[in-house]
Structures are given as structure tokens and as C-alpha cells.
Amino acid sequence: MQSSPFSHLNDQQRQAVTAGLGQTLVLAGPGSGKTRVLTERIAYLVRDLAVRPYHILAVTFTNKAAREMQSRVEQTLGDPCRDLWLGTFHSVCARMLRREAAVLPFDSNFVIMDADDQDTLVKRVLKELNVNDKLYRASGVHAAISNAKNNLMQPKDYPRRNYRDEVIARVYERYQQMLLQSNALDFDDLLLWTVRLLQENPDVVERYGRRFEHVLVDEFQDTNTAQYLLLKLVSSYHQNLFVVGDEDQSIYRWRGADYRNVLRFEQDFPEAKKILLEQNYRSTQTVLDAARAVIDRNPHRTPKHLFTDRGSGERLVLFEAADDHSEATYVVDLIGQNMAGDRKAGSRFAVMYRTNAQSRLLEEAFLRSGLPYRLVGAQRFYGRREVKDLICFLRLVANPADEVSLNRTINLPPRGIGDKTIQSLQAAAQRAQTTPGAALLELAAKGERSAAFTALGGRGAAMLLDFARLLAGWMEAARQEPLPALFDRIVTETRYEAYLRDGTEEGEDRWNNVQELRKLAYEYQDRGLGPFLENLALVSDQDTLPEDVTAPTLLTLHAAKGLEFDNVFIIGLDEGLLPHSRSLDDPEEMAEERRLFYVGMTRARNRLYLVRSRQRSSYGSTEFSEPSRFLQDIPSALLEERGAQRRARSTRPSEVQASWARWETPVPAPRSPQIIPPPPPAPKVVQQQYRPGMRVRHPIWGEGLVVESRVLDGEENVDVAFESVGFKRLLASLARLETV
Ligand code: ATP
Ligand code: MG
């Protein structure tokens, strides 16, 4: 095989790359070349089997992975391969939905709500429906909705087993209505609607089925039910589905990922070829042995044999710091020493942690030492208030129906449009059966003399008109001018610069972020506003990684998936942090925490440092911590212990356990149990109980006057003017109103 294009692959890899038609499952441990095999197979299909790139669909989980795959394929083939569909699940779905919008209940220019917008919307619905947000936390309700969507359940299918379900079902229904009214989709919708599109339109599924002669998937273990169905549907015509994955690296359970999809695949396609890869090309034998000792403790897994010919390498370092500040300093000092003045060497180091908030002390230590670092995570840039503000202005221009963006920007910088004015705009829009955005544009078109202006009345109407005119002007500019010009116009006309640059350092910092976003807009000037926004909406945490920076990387274990680094530090190896306190009494969650640790360990090529701290500061007090149980599974021959105290192997006192809850930082909400849809409920006939002019009493807001009441979708909606809090819209069935 001297001149074979596959001479650089091992036998099993070659077998996978050139596998024949039908379904193929490549199951293998970390660093065994799964991603590489997938890329080579695409090149093989095009080059050796003359498959047109147009007929290939390849999906993965992050844009970074997708970009890397695209460039590797192009490199191998020496061709730009534009017709190849290669992207994340979300981007592939968004693309299909925009093309097929004609048969869907939204327009092709829909916006994609990010996590922050979704949260805002859930909170708004909770408020609107008068749900007690202490009892029903927005994050929990949203997790339940997301879970339902990932299981392809619509609001009408949501099981109403108890009062809580009932509330969630209502919130879900209203949330979904508001998304559609705003011509917006959330991340879960992208999948949900695509699967529905394919399931309900035989011609559409046939068209895509015929088109995609080959479907390939990386990180298959992290697919959820909707993603799995999507793959089955798009590969249903040619049946060439090639998936690679590793059950031991399934870490997205909280997003509905189900590693049992691997079993499902084997059951659904009993004829599928199964290929195992056993050689690891990434890590030293010591790293592999230590990682295996950790993952071997998980129940119900197929043991995998991984060997490497990279030699045994150095032992792992286990460092126990006296407190969390010295934990961070230890890591940064060691990285500094190892870089030995060579700034470019920084890219060889990564520091990983369980929760985003753990980066703060590290960042501080990096700043003190004068070493550069790069932080992977939405918060650094896209999560910044000013960046989000401008994105919302742009989103509103692209889609004036987007209410979340409208509400964020309408009084930004403050221009005297208060809640009352916004409410009257909303009410006016509702009366005219349109969206507040459309009502504004109408106002801009007709001006002061219009009936709408008179109806809104007073100072508020004048303020709204000003904003409406700005918006109409920007929409015009969006059609005529390049994106950076539109961007500048928004910044100038809102006087946003003066608003941010208040003379403080923070203000300057924020203004720099605006400039940074402008640079990005500039890069998109040929492609325009739509693609610019789409890209912003789809950047996942991992994707904010700048490509060309040579500094050490700080990232969560979740974001580390698929990546590799010469030297890896994993910090916070304490009970309550890793494993996270939320997993302590749930064996499934605990198994997932173990996989997460395993993913982190197996990112290391050469050296792995495991770091913990004997105590951590928490809101001014100090709490003691116990070493992570996972550390005890690593054979001591593989470890070199350093630091304040030799490894303590005591059991954790109960008060320490209890204290975790207080300082813990937000983590992805755990998935609620699998829900089985009940038969559809019988339609309800609702009697209208309230009439305008009736006086009512609410348990919290006291007395008020019913302004209007009507039945919408089987629910009585009552508008009440309360003496205490003003105007509220309530659902009669939930609001516990009494007539007085
Ligand atoms: P993970 O499970 O972590 O995603 P993976 O199985 O996808 O890992 P890859 O990232 O494809 O593994 O490969 C790991 C490393 O090994 C990469 O640097 C890759 O280039 C290298 N590699 C893979 N196969 C070979 C090979 N046959 N010869 C040399 N290097 C290889
Ligand atoms: Mg991979």
C-alpha cells in the first residue's frame, strides 16, 4: 500500500474510512482518531467514490469542530467543497427551516433566541401568568420545557399529572406562542421544528432523503432524541449513516443527550457494521491508565482497550493547595515557569474546571502575573451587556416582531419610555391584532396625526414615535447600506457611545467591546445582517475561542470536548465541585460527573495536573473541602503528590456536605425525568366569569377593577387595573381572584 492515500492510518481506521454502504458505527475511546476518520471518510467519498459534496451531510456539535473538519476536508481534496453541508445540528436545522419556511408557522427570517433571551422570555411568561417565581424558578421551568422539546413533545402533549405539570404546561404553551409571535425560535425549536417538518411532509423528507446520499455524525453519544430522529429521517432514503462516538464521553445529559442512542442505533440497524479503534494517538500511557482507572468505576459500560505507543510519560501531579487563592496561584506560577519566557508556548496549556465561576480567581492570578490567557465562554464577550444591547438593536431591525429585543432596546439609552408606555403599546398592538414592533412601524409611517398616536396619548406617544422613526430609518438603512454603516448609524442615533463612555475605566472597556463587535460586523459586510445574526446566535461556548491566540486556555470541562492540549490542569477536584453537589444522591448524575472528569483527563497529550484546595472562601467565610472521590480511584503509582498536605482519604463530615449548597455556582440544570406523553386532553369549554367594571380582589395586589376579559385558547384572560400595582393581565384559572 505504499502510495495509498491511507498509509498514515492504522488498519481499523482504514476499515472505517472505507466502510461500504449502509449504517456504520465507530465506537472508540478518546484520542483514537474518530474525528480524523470521519474527515478522511468525507474526502474518500468525494475523491475515490466520486460522490458529489452536494450529496453529503456531516454534523457535529460545535462550530469550531465543524470549521476544523471543513478545512481538513478541503486540505485533503484541495477544493473548497462549498456544496458540502457540514455544520452543527443547530446550523443545519436553521438552514433547512429557512429553506422550507413556506410550510412552517414562521417566516424564513426568524431570529434565534440565545439562552439569555430564553430566560427573559420565560420570566416574562411567569409574570404574565402570575406564577409565583419563588416556587417556580425560571431556570427549572425552562429546563422542563427544554426537556419536553428534546423529547419532541408539544405543549398540548405535556402530561398534566399534578399542579406543577399544569403550571409548566401553561407556561410552555404561552412561551411557545410568544416565540412564534416574535418570529423567533429557541435552540430546542430548531431541532423540534426540523423533525416535525420532516415527519409531517413526506415530499420534504423525500427531497432531503434523496439528496443526502451520505450522512456522517461526530460525537454521536451526545445526541438527544430529536437529533437521533433527525438523523434517521435524513438518512432514510439511502440508509448510509456513519456515526462515531464514545459512550464514556457522554456529558450532555442535561441537554437531553442520551448515550443509550448507541444501543438504539444497534437495535434499529441490526445490520450495521461496528468498528472499534484501539490505538490512542494523543496521550501517554500513564494518562491513559489513570483515566481508565477512573472510568472503569462506572457501571454498565463496555470496557475498551486503548494502547498508545507514545511511551509511559510522566506521572500525574496531584497538588493540594491550602486555599482557593493558592490553588489559582499554583497553576499560574507553574504555567509561567514552564513557558520560560516563551509567550508562544502558552497554547500548550489548558486549565479546566467544572463551573464557569471558577475562572474568576484564575483570571485574577493571570492578571497579577502579567501572563496572557484566553477564556472560553460566552460571558467574556457575547454575554457582555453592551454587546448584547447592540445585537438586540440589530435583531430588531432584522425582525421587528422580536419582542425580547424590542423590550430591551426601546428605552436604551433611557429615553423616557417607561413600563406604562410599553404596556399601552402592547395593548394597542393586541387590539390591532399585530405585534408591538409592527404597531411602532405603523406609527412611524402615519405620524402624529394617526389614530394610533391619539390612542396612545400624551408624552409617551411622542417618545414612542421618536423611537419608531429611528427603527424605520434603520430598517431602510439595512436595505440600502452595508452592515458596518447600519451599525454606526444605530450607535450614533441612539447616542450609545456617550451613554457607555462615562469617564470610568469600565465604560472604556465596554466601549472597546462595542468596537470589537463592529469589527465583526465589518467582516460580515458582504454577507449582510441575516448571516451576521445567525452566526452570533449559534456561537456556542466553545466557539468563542479565538483561533490565533497563543495564550493558555481556561475552559469548562464541558467546553473541552474533542480538544487536546500538551498540558492539562484540572482544578477544583473537591467533593461538591467535581463531582458537583447536585450529583451526590443521584447515581446517574454521578456517573455523568465521572465521565466529565474522564473527558478532561483524556484531553492531555503529555502532562496532567490535578489540583484541589483544602478550603475555599465563600462570601467572607471559609469552608473546608474534602478531596474528590474520583482521586481515590487513581492508582498511587501513577501519581506524584505535592502541596500543603498529603492526600487525605477521610470521609466527608455531614456539615461540610450541607455547606456546599451555599457557595455553589450555577451549573446546567439537571434533566428532569423522561416524560411519556399521555393521550391528548379533551378540549375545555371555559365560561367567562369576569366582566368589565367588576371589582375583584387579588391575594397579593388587593383590590382592582376589571377592564377587560376574554377567552383565548380556552383560557379566560382578565385585564385588571389594581390600585397598588397598576395594570395586570391575569389568567382567571390561576390568579385566585375574588369578586368583591
Ligand atoms: P475524542 O474522543 O477526544 O474526540 P478522537 O477519537 O476524535 O478523540 P482525534 O481527535 O481524531 O481523536 O485524534 C486524536 C489525535 O490523534 C489527533 O491529534 C490526530 O491527528 C491524531 N491521530 C489520529 N489518528 C492518527 C494516526 N493514524 N496517525 C497519527 N496520528 C493520528
Ligand atoms: Mg473527536
Side-chain angles (χ1 to χ4, degrees), residues 1 4-18 24-44 58-73 75-76 86 88 216-223 242-252 257 259 262 275-285 287-288 291-292 294-295 301-302 304-311 313 347-348 350 352 542 553 555 557-568 570 595-606 608:
M1 301 214 76
S4 151
F6 307 118
S7 49
H8 55 293
L9 300 176
N10 68 37
D11 284 350
Q12 295 158 315
Q13 289 178 329
R14 201 175 309 132
Q15 205 190 332
V17 168
T18 59
T24 305
L25 170 64
V26 179
L27 271 189
S32 58
K34 295 183 296 300
T35 304
R36 181 155 177 176
V37 159
L38 195 87
T39 323
E40 300 260 349
R41 180 166 171 88
I42 299 175
Y44 164 77
V59 250
T60 178
F61 277 81
T62 65
N63 287 320
K64 181 176 160 55
R67 274 197 301 275
E68 243 170 55
M69 229 183 253
Q70 179 95 28
S71 77
R72 277 210 241 167
V73 173
Q75 246 168 24
T76 320
L86 190 159
T88 60
L216 302 97
V217 191
D218 197 5
E219 308 269 5
F220 179 69
Q221 76 280 353
D222 276 324
T223 51
F242 183 93
V243 308
V244 309
D246 177 6
E247 297 119 298
D248 291 333
Q249 294 187 65
S250 174
I251 54 173
Y252 281 96
Y259 62 89
V262 173
I275 298 169
L276 307 174
L277 310 177
E278 294 184 324
Q279 178 161 0
N280 173 297
Y281 290 91
R282 180 181 293 149
S283 310
T284 65
Q285 193 64 51
V287 168
L288 286 186
R292 202 178 80 192
V294 169
I295 199 69
R301 55 178 291 277
T302 341
K304 290 193 199 79
H305 304 283
L306 267 189
F307 70 95
T308 175
D309 54 17
R310 294 210 43 224
S347 58
R348 302 206 314 254
M352 300 173 190
Q542 192 174 357
T553 306
L555 74 180
L557 291 161
H558 278 108
K561 172 186 165 108
L563 304 179
E564 55 187 25
F565 301 89
D566 283 351
N567 309 293
V568 169
I570 302 178
R595 290 193 291 270
L596 195 52
F597 182 41
Y598 178 69
V599 166
M601 294 176 85
T602 54
R603 300 306 94 199
R605 288 200 196 99
N606 301 328
L608 178 57

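Just follow the structure's listing: the first ligand is 1, and inside any ligand the first atom is 1.
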> For atom 7 (O) of ligand 1, which protein heavy atom lies nearest, and how many Å away is it?
Replying inline: T35 OG1, 2.8 Å

>> So for S32, does at least one of its heavy atoms come nearer than 4.0 angstrom to any atom of ligand 1?
In response: yes

> Quick one: which of R36, K34, E564, R603 has a heavy atom closest to atom 17 (C) of ligand 1?
Replying inline: E564

> Would E278 and Q12 count as a side-chain contact (heavy atoms from CB on, under 4.5 Å) if you check the C-alpha gap in whole Å, the side-chain angles of each, and the deciding distance to 0.1 Å?
Replying inline: CA-CA 8 Å; E278 294 184 324; Q12 295 158 315; 3.8 Å; yes

>> At less than 4.0 angstrom from any non-hydrogen atom of H8, what atoms of ligand 1 do you find?
In response: 26 (C), 27 (N), 28 (N)

> Tell me, do V37 and F242 make a side-chain contact under 4.5 Å, heavy atoms counted?
Replying inline: yes

> Hey, are D248 and R595 close enough for a salt bridge, meaning a charged N less than 4.0 Å from a carboxylate O?
Replying inline: no

> With a cut-off of 2.8 Å, which protein N/O/S atoms are close to the Mg ion (ligand 2), if we only count those under it?
Replying inline: T35 OG1

> Is there a nitrogen or oxygen of R72 sitting under 3.5 Å from a nitrogen or oxygen of ligand 1?
Replying inline: no

>> Below 30° counts as parallel, above 60° as perpendicular, anything between as tilted: where do the rings of F61 and Y252 land?
In response: parallel

>> If you measure every N or O of G31 against every N or O of ligand 1, does any of those distances drop under 3.5 Å?
In response: yes

> When you measure from atom 28 (N) of ligand 1 to every protein heavy atom, which one gives the shortest distance, and what is it?
Replying inline: Y281 CE2, 3.3 Å

> What is the closest protein heavy atom to atom 12 (O) of ligand 1, and at what distance does it sit?
Replying inline: G33 N, 3.1 Å

>> Holding to side chain to side chain donor-acceptor pair (under 3.5 Å), I want the full list of residues that pass it with Q221, two or more places apart in sequence or in another chain.
In response: E219

>> Set out, in order, the CA-CA distance, both residues' side-chain angles and the distance that settles side-chain contact (heavy atoms from CB on, under 4.5 Å) for V287 and R282, then state yes or no.
In response: CA-CA 10 Å; V287 168; R282 180 181 293 149; over 6 Å; no

>> Give me the residue, atom name and distance of the protein heavy atom closest to atom 24 (N) of ligand 1.
In response: Q13 NE2, 3.0 Å

> Hey, mind stepping through L276 and K304 against side-chain contact (heavy atoms from CB on, under 4.5 Å) and telling me if it holds?
Replying inline: CA-CA 9 Å; L276 307 174; K304 290 193 199 79; over 6 Å; no

> Taking all non-hydrogen atoms of both residues, which atom of M69 and which atom of T60 are closest, and how far apart?
Replying inline: CE-CB, 4.2 Å

>> Between R603 and F565 (side chain of the first, backbone of the second, donor and acceptor by atom type, cut-off under 3.5 Å), is there such a pair?
In response: no

>> Within the supplied structure, the quantity of interest is the number of heavy atoms (other residues, nucleotides, ligands) at a distance under 6.0 Å from R292 CZ; does it exceed 12?
In response: no

> Which ligand 1 atoms, with their elements, are less than 4.0 angstrom from a heavy-atom of G562?
Replying inline: 4 (O)

>> Restricting to non-hydrogen atoms, name the atom on L9 and the atom on R14 that form the minimum distance, rounded to 0.1 Å.
In response: O-NH2, 3.0 Å

> Yes or no on side-chain contact (heavy atoms from CB on, under 4.5 Å) for Q13 and L277, after CA distance, side-chain angles and deciding distance?
Replying inline: CA-CA 7 Å; Q13 289 178 329; L277 310 177; 4.1 Å; yes

> Which ligand 1 atoms does G29 reach within 4.0 Å, using its non-hydrogen atoms?
Replying inline: 6 (O)

> Which residue holds the protein heavy atom closest to atom 10 (O) of ligand 1, what is that atom called, and what is the gap in Å?
Replying inline: R282 NH2, 3.2 Å

